[in-house]
J.: 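Take this structure, written in C-alpha cells, and hold onto it; I'll ask about it next.
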Amino acid sequence: MKADVPPSGAPLVELKGISKRYGDLLANDGIDLSIEPGEIHALLGENGAGKSTLVKILYGVIEPSAGEIRWEGRPVSIGSPVEARALGLGMVFQHFSLFDELSVAENIAVALSDEWNLSTVRSKLGEISSTYGLALNADRAVWTLSAGERQRIEIVRCLLQNPRLLILDEPTSVLTPQESEHLFTTLDRLSAEGCSILYISHKLEEVRRLCRRATILRAGRVVATIDPRAKSAREIAALMVGNEVGEVRTDAPHHPEGEILRVANLSMPPAGLHGQALRDINLVARAGEVVGIAGVAGNGQSELFAALSGERPADRADAVVIAGKASGIMGIDARRRLGAAFVPEERLGHAAAPSHRLSENTLISHAAAEVSRSGFILVNAAKRLARSIVQSFDVRTPEGDPQARKLSGGNLQKFVIGREIIRKPKLIIVDQPTWGVDAGAARLIRQALVDLARAGSAVVVVSQDLDELFEVADRMAVIHHGSLSPLRPIGEWTREAVGLEMLGVAQAHGGAHAV
Amino acid sequence: MRFELTPRTHVSPVMRALAPVAAFITAFLIAGFVIWLMGRSPVAAFDVYVLQPLSDPWALQELLVKATPLALIAIGLSYCFRANLWNIGAEGQYVIGAVLGGWLALKTHGTEAGAWVLPLMLLLGVIGGALYGLIPAFLKTRFGVNEILTSLMLVYVAQLILDYLVRGPWRDPKGFNFPQSVTFDPSATLHPILEGGRVHYGAVFAAIAVLVTAVVLGRTLFGYRLKLTGDAPRAARFAGFSSKATTMAVFAISGGLAGLAGISEVSGQIGQLQPSISPGYGFTAITVAFLGRLNPVGILLAALVVALTFIGGESAQILLKLPLDLTQAFQGILLMCVLAADAMVSYRIRFATRGGGK
C-alpha cells in the first residue's frame, strides 16, 4: 500500500531550524522536518502547537524568521503560494475556498493558470475522478454539495497541477466516518504513485491508519518523530499534551427524572440563502442526563442551537418547552430566566467579546442576575464572579482580569462554559464544547458537563466529535440535513450506525456515497 | 511592495495618551504647508488661529459658545459610534430640532404666553431631532438601508426645509424681504448665564449631558449594551440585546441631543430662524467625538479645542484673507490625523515585499 520508493539520497522536502516569532510569541522554534518521496507524514499537535504556522511557511503564505527549506536537497525560498505551486506543492485547507454559486468545473478553472479552460478542466476532471475514486459532477453548483464533495473539489484542484507534495489540514473534521475512509483510500493510492503527503491532524486513530512517520509539535517545538503504529494512542496523546490525559468519569449512578426540555415538531425555514432548514425536530432532555447530538458540520447544528437558545425564536410557543414553560417564541434572555444556559460554538465574538475583560464578559449571560441591579452594573460583583469562575474551572489567565482574547482557546472555553455552569442551570445546551481545545481542557469541560448532569441538570451537547459523544452522552441522536434521528441510548449506537445516519439512511441505501 | 498593518502585541498607554497630541501637530504641519502654498505665512496663521483666541477674554468666552453645540452633538454621536452605528446626519437633526422648537417661538410670537414657552421649545427641539434621527434608524432596521447614506442625505433635506420655511411661510413680513423669521420674544429666548455675557444655558445642558453620559456609558447595562453591540454584535445578540432596539435608541438619543443643540443655538445665540444656523457643527462634531475617543470628558476637551478652529478661522478670514473653507479643510485633516494616529497606536506598518522572500 505504502510507496516503497527508496530514499534516493535527499528527501523531497526538508525543513531545517524553522522559527517564526510574533512579538513575544515563538510560534515555531527551530523545527526540523523531512518528508521522503511518496511518504505520508503526519504532523500532530494540539491547537496552538504551531502546526498551521509551519504549514503556512512551507506554502509561502508567511515568511519564517529563521531557518531553511530544502527541496530535493536544494535550498529554496518560497515567497508566495504561487511559487509553492510552481515547485509542486498543493494544499487543501481546512476551510474551503470555493465560490458557492459557481459550478464544480468553474471553481477548478478559476484557481488554475490561464492554460486551462472549462473544457480542458472538464475532460481532465473525469479522468482524475475515475483514477482516484473522487466522484464529482462537473456541472453541479457548489452550494448543493456536501462537505465531503467540496473537499474532493479542493483535492482535485491540487491534483490537476501534478503536485509532488500534497498538504492536507485537518481533512476529516468535516467528513463522516465513511467519507473519511474513502479519503484514506485515495491518499494511499496517491502515495503509492510517489506523491508525498503531509497530513495534519489531531485525531490519533486516523494518523495511525495512514502514516508511518509522525512529527509531534508541542508549543512550537518538535517533541518527537515517531512511528505512530508503534505507540499507543495514550502515549501519543501524552507526547502532544505533555502529560498523561485522564478519562472522563461517567460511572456515577444515572437516574434521569423529569423532562426539562421538550422540542416538538420544530421546523424553521433557512435563515439565509445557503442556511439549513430545520425539519420537524423532536427531542426530549431529562434532568440528570446528557443528550448528545452528532452530525457533520453544516447539517443544521447552528440553526438548532439558535432555535433552542432563542437567538432565533420559533413561530410556535409550544415548539420548545423549557422547564414546563412553552418558550418557543421567547428571546434568549427570557429562556435564561427559566433556568436555561447556552454555550455557542464560536468562543470569540459569540460567546465572549474579544476586547472585553472577563469581568465584563460575565455580563453577557448574567445580565439579569447578580451582576446588575436596576440597570446599573455592579462592577465589584462582576469581578468577583469572574474570579470565582477562573478559580473553579482552572482557567489560566495571564493577568487578574484580562481581555477575553488574551486567553488561549482552551482557557477561554473553560471560562465561557464555567460562566454558565456556575449558575447551576436546570438546562444547558452546548454547541461543540471542545472544538479546537487542548486535550487537558477538553477533559475538564466534559467532566464538568457530566458532573452537572449527575447533579440533576439536563445537558444537551451538540458535537462533531463522535469520540466525545460516546464518552459523555447517555442518549444520542444524529442530525442530518436539518432532520434529527430518534434519540437512542448510547449503548445502542455503533459508529457505523451513526455514520449511516450522518449520510441520511436513504442515501446510504441508494449507494450515492457507497464506500 | 505593499503596506501591511500588523497588530501590536503591546499597546503602550503613553502612546495612546499622546496620539491626539501627535495628530494635532501633524494636522497643523499639513495645514501650515497648505497655507504656505497659498502664499501666506504659516507662523502668522498659527498666531491668528491658536494664540490670539487663547489670549483674548472675549475670544475665550466665544470658545465656550462654539464648544457648546459641538459637545452636545458629539456626546450624542458617541452613543451611536460606540455601537458601531454611523449617524453622519447630526447636522440635519440639529436643523430639524431648531425648526420644530422655532415653530413654537413663532406661534407664540407677540402673545402673552408665559414662561412655559422656552422649556416646551427645548423639548420640541429634542423631539424634532430625535424623530428625524429615527428615520435612518427605521430604514436600517426595517429595510437594511445603510444608515451612513440616509442620515447624510437627510441633512440636505433638512436644510432645504429650513430654507423653504424662512423664505416662504415663516419669513418676517417686516424683514425687508430678507430670508429670516421674526426675532424671538424674550419668553422664547435662552438667556446668558451671566448678565451681559454670551455664554447661554446651552453650556449647562452640555455639562449635564457629559455627566449623565459618563454614568450611563460606564456604569449601566445600557452602556454595556452599546459597547457590546459595537465590539461584538453576535455576542450582543447572544446576551439578548436586540440590535433593532439598540439602533433605534442610539439614533433617538443622538438626534435628540443634536436637536437640543439646534434649538439652543437658535434661541440662545441667533434669536431667529434664518437659512444658515450652523457653521457645520453637526459634521465637525464627528471629529470632536473621535478626537475625544468617544469618552464624555474627552469629548468636552475636544469640543473646546476644535471650537478654537472656528474662532481662528473667522479671524484668519479677516486678518489674513484666508477663505473660511480652509477651516473646514483643517477640520477634515484633523479627523484623518486623529484616526491615523489611533491606528498607529494599535498597529504597526510593515512594508511587505512580494515574491522575494529572504
Side-chain angles (χ1 to χ4, degrees), chain A residues 22-25 57 60 62-66 69 76-80 82-83 305-306 309-312 330-337 342-344 346-356 360-361 363-368 371-379 382 403-406 416, chain B residues 1-2 4-13 16 82-84 144 212-246 249 253 293-294 342 345-348 350-358:
Chain A
Y22 291 107
D24 298 335
L25 179 82
I57 288 172
I62 53 181
E63 206 180 310
S65 316
I69 303 175
V76 288
S77 92
I78 303 175
S80 71
V82 178
E83 291 177 39
F305 180 82
S309 67
E311 283 191 285
R312 191 171 163 232
M330 287 181 180
I332 187 165
D333 225 26
R335 296 188 197 194
R336 283 198 182 104
R337 276 193 287 270
F342 309 97
V343 182
E346 286 289 331
R347 290 183 278 278
L348 280 176
H350 195 174
S355 60
H356 292 192
E360 294 176 290
N361 268 302
L363 293 167
I364 290 177
S365 66
H366 289 73
V371 286
S372 70
R373 190 179 301 139
S374 32
F376 283 86
I377 298 169
L378 303 176
V379 177
Q403 293 178 329
R405 63 160 171 234
K406 298 227 167 124
V416 297
Chain B
M1 197 168 76
R2 69 202 152 104
E4 242 174 39
L5 285 179
T6 49
R8 288 180 198 273
T9 42
H10 177 71
V11 175
S12 141
R16 240 187 111 60
R82 279 196 179 221
N84 234 347
V212 171
T213 302
V215 174
V216 168
L217 292 184
R219 284 283 182 261
T220 65
L221 271 183
F222 180 73
Y224 185 68
R225 170 186 189 142
L226 302 188
K227 199 172 157 200
L228 191 60
T229 306
D231 295 344
R234 276 185 85 193
R237 212 159 48 234
F238 179 63
F241 300 146
S242 138
S243 73
K244 290 187 178 184
T246 307
I253 290 170
R293 286 249 168 73
L294 307 185
D342 274 356
V345 170
S346 336
Y347 296 89
R348 71 173 84 240
R350 216 170 68 103
F351 297 99
T353 46
R354 268 202 78 96
K358 267 180 232 146

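Convention: sequence-line order gives letters A, B, ...; per-chain numbering from 1.
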J.: State, to 0.1 Å, how close Ala232(B) and Gly349(A) come at their nearest heavy-atom pair, and which atoms those are.
T.: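 For Ala232(B) versus Gly349(A), the nearest heavy atoms are CB-O, 4.0 Å.
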
J.: Going by the rule salt bridge (Lys or Arg N to Asp or Glu O under 4.0 Å), which residues pair with Arg293(B) if we only count those two or more places apart in sequence or in a different chain?
T.: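 Partners of Arg293(B) by the salt bridge (Lys or Arg N to Asp or Glu O under 4.0 Å) criterion, ordered by chain and then number, come out as Asp342(B).
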
J.: Once you round to the nearest 0.5 Å, how far does CG of Leu378(A) lie from CG of Leu221(B)?
T.: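 Spacing of CG (Leu378(A)) from CG (Leu221(B)) equals 9.0 Å.
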
J.: Side chain, backbone, both or neither: which part of His350(A) has a heavy atom under 4.5 Å from chain B?
T.: both

J.: Pick one of side chain, backbone, both or neither for Glu360(A), based on which atoms fall under 4.5 Å of a heavy atom in chain B.
T.: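 Both backbone and side chain of Glu360(A) come within 4.5 Å of chain B.
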
J.: Please name all residues satisfying salt bridge (Lys or Arg N to Asp or Glu O under 4.0 Å) with Arg335(A), sequence neighbours left out, ordered by chain then number.
T.: none

J.: At a 4.5 Å cut-off on heavy atoms, which part of Ile332(A) comes close to chain B: side chain, backbone, both, or neither?
T.: side chain

J.: Do Tyr224(B) and Ile364(A) make a side-chain contact, defined as non-hydrogen atoms from C-beta onward lying under 4.5 Å apart?
T.: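 Of all side-chain heavy-atom pairs linking Ile364(A) with Tyr224(B), at least one is under 4.5 Å.
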
J.: Tell me whether the NZ or CZ atom of Arg336(A) lies within the 45° cone about the ring axis of Phe238(B) and under 6.0 Å from its centre.
T.: yes

J.: In terms of heavy-atom proximity below 4.5 Å to chain A, should Val215(B) be classed as side chain, backbone, both, or neither?
T.: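 When you check distances to chain A, only side chain atoms of Val215(B) fall under 4.5 Å.
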
J.: Determine the minimum heavy-atom distance between Thr220(B) and Ile377(A), stating which atoms define it.
T.: O-CD1, 3.3 Å

J.: So what's closer than 4.5 Å to chain B heavy atoms on Ser309(A): side chain, backbone, both or neither?
T.: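 Neither part, no heavy atoms under 4.5 Å.
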
J.: What distance do Lys227(B) atom NZ and His356(A) atom NE2 have between them, rounded to the nearest 0.5 Å?
T.: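 Reported value, rounded in 0.5 Å steps: 4.5 Å.
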
